[in-house]
Structures are given as structure tokens and as C-alpha cells.
> 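What follows is a structure written as C-alpha cells; I'll ask about it next.
Keep in mind that the numbers below use all heavy atoms, side chains included, and drop hydrogens, waters and symmetry copies.
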Amino acid sequence: MDIESFMRGYKRAWEQRDDALFASLFLPDGRYHNTPFQVQRGTAELRAYWTRVKLQEDVRVETEVLASAPGSGIARWRTTYQVASEELFRIWAQSAGTSLVAREPGDPLPRMVLDGVLVATFRDGLCAEARIWWHSMPSPA
């Protein structure tokens, strides 16, 4: 596996909201750092973390490989999705370190935009470690 094939799988796993596909990109002891301070290790933790994407609808992922070398790579990704639950909106607000966007009761949940960078290392045909840095915000109207 290289960064190009990893990003194709990453996109597919996110757009299909498929936790098993996401985990299959990694070695059995693979690591995914979804923030600089959190890491999911191994298939069970990777799958458990990725289930949160099931709270997203109409997911669209764009990727661009920035650098590729034997055994590693860097890519940029941009994702938009419709928030499908109040729970996901609270998760986003907590992870982004912001308060909830002002909404009146009954207002629709927002469409979110995430922009990030991913750095990955590969071994034995799978991802050994991936680190992401990202920012998110509600999509402008």
C-alpha cells in the first residue's frame, strides 16, 4: 500500500460510512491519531472510532496527495457532510473546542466542512500509522 491507494480507501470508507473498510486499511496493531492527543490502536478501536461517521449523511471526500515516498506519504483531504444527529453536533463542538452554533429549536442541523492533512507510514502492505490534523466549521450558507 502507498499513500495513493490508502487515500482511495480512506475516501471510500468515509463516503460509504464503513468502519470495517476503514479498519482494513491498517495493520492489526495500526494506529490512527485523529488529533495530536488521541490515538486509536488496533482493529477494534479503529472500528469503534469510525462508527461516528454513521451519524453523517451525504458525505463527500476529496483528496490530494502532496508527497509520496516508499513507505510513507502526505495527503490533504476535504470532507463535507450533513450532520444527521444532535449527538454528532455535540461531538463536533467538543472536538473543535467551540460552543454550539446558535440555533433555534427546530432549525436544521448544519452541513459541515472539514479540511485536513494526513501523514501515513506503511508496512507489509497496510498502514502502520496515520496522523491527521484538521479544522472544521459549519458550511457557509
Side-chain angles (χ1 to χ4, degrees), residues 1-104 106-141:
M1 177 176 290
D2 59 15
I3 190 67
E4 289 88 0
S5 59
F6 179 83
M7 294 310 294
R8 283 192 300 273
Y10 191 74
K11 171 184 171 65
R12 209 169 40 254
W14 204 336
E15 288 180 343
Q16 294 175 11
R17 302 179 304 160
D18 187 332
D19 57 296
L21 177 56
F22 174 70
S24 76
L25 299 171
F26 291 84
L27 291 166
D29 63 346
R31 295 176 308 281
Y32 182 73
H33 300 259
N34 66 304
T35 75
F37 308 107
Q38 285 188 304
V39 61
Q40 291 75 47
R41 290 179 177 88
T43 303
E45 286 185 18
L46 291 167
R47 287 191 70 171
Y49 172 74
W50 205 249
T51 60
R52 71 174 48 193
V53 303
K54 294 180 181 184
L55 301 173
Q56 303 169 358
E57 294 177 350
D58 189 26
V59 179
R60 298 179 193 144
V61 180
E62 300 170 9
T63 66
E64 175 188 6
V65 172
L66 302 175
S68 181
S72 66
I74 302 169
R76 180 172 183 227
W77 53 270
R78 184 175 192 274
T79 301
T80 62
Y81 64 85
Q82 178 61 47
V83 176
S85 76
E86 292 290 343
E87 176 189 1
L88 178 61
F89 197 61
R90 283 191 300 278
I91 290 170
W92 167 78
Q94 289 174 337
S95 67
T98 64
S99 60
L100 296 176
V101 172
R103 291 176 41 239
E104 297 295 322
D107 281 354
L109 289 163
R111 184 162 188 83
M112 299 300 296
V113 178
L114 286 73
D115 199 350
V117 174
L118 180 144
V119 175
T121 57
F122 307 99
R123 188 177 74 246
D124 300 329
L126 292 170
C127 185
E129 184 168 40
R131 295 176 180 271
I132 63 171
W133 295 267
W134 54 276
H135 180 73
S136 63
M137 65 180 197
S139 179

> Locate the shortest heavy-atom distance separating S136 from L114; write the atom from each residue and the value.
CB-CG, 3.7 Å

> Does anything in residues 128-140 pair up under salt bridge (Lys or Arg N to Asp or Glu O under 4.0 Å), and if so which pairs, sequence neighbours excluded?
R31-E129, E129-R131

> Nearest 0.5 Å please: distance from the OG1 atom of T43 over to the CG atom of L27.
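If I round to the nearest 0.5 Å, the distance is 9.0 Å.
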
> For W77, run the ring pair (Phe, Tyr, Trp, His ring centres under 6.0 Å) check against W14, F6, W133, W134 and tell me which one passes.
W14

> Let me confirm one number: the CZ-CD distance from R60 to E15, rounded to the nearest 0.5 Å.
9.5 Å

> When rounded to the nearest 0.5 angstrom, what is the spacing between CZ in R12 and CE in M7?
12.0 Å

> Would you mind reporting whether R76 and D115 have side-chain heavy atoms less than 4.5 Å apart?
yes

> For a quick test of reading the model, state the closest non-hydrogen atom pair linking A84 to L109 and the distance between them.
C-CD1, 4.0 Å

> With sequence neighbours excluded, tell me which residues meet ring-ring contact (aromatic ring centres under 6.0 Å, His included) with F22.
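Residues passing ring-ring contact (aromatic ring centres under 6.0 Å, His included) with F22: F26, Y32, W50.
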
> With a 4.5 Å cut-off on side-chain heavy atoms, are Q40 and L46 touching?
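The answer is yes; the side chains approach within 4.5 Å.
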
> Between P138 and R111, is there a side-chain heavy-atom distance shorter than 4.5 Å?
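R111 does not reach P138 side chain to side chain.
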
> Would you name the heavy atoms of R123 and A128 that are closest together and state the gap between them?
NH1-CB, 3.6 Å

> Quick test of your reading: applying salt bridge (Lys or Arg N to Asp or Glu O under 4.0 Å), list the pairs with at least one residue in residues 35-47, sequence neighbours left out, ordered by first then second residue.
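Every salt bridge (Lys or Arg N to Asp or Glu O under 4.0 Å) pair that includes a residue of residues 35-47, provided the two are not neighbours, is D19-R47.
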
> Which pairs of donor and acceptor atoms, one on a side chain in residues 62-74, lie under 3.5 Å apart (sequence neighbours left out)?
none

> Taking the side chain as everything from C-beta on, heavy atoms only, tell me whether L118 gets closer than 4.5 Å to I3.
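SC-SC contact between L118 and I3 confirmed.
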
> Could you list the residues that satisfy side-chain hydrogen bond (donor to acceptor under 3.5 Å, both in side chains) with T51, not counting sequence neighbours?
none

> May I ask you to test the R78-T80 pair for a side-chain heavy-atom distance under 4.5 Å?
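Yes, at least one pair of side-chain atoms sits under 4.5 Å.
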
> Salt bridge (charged side-chain N to carboxylate O under 4.0 Å, His left out) with D124: which residues, sequence neighbours excluded?
none

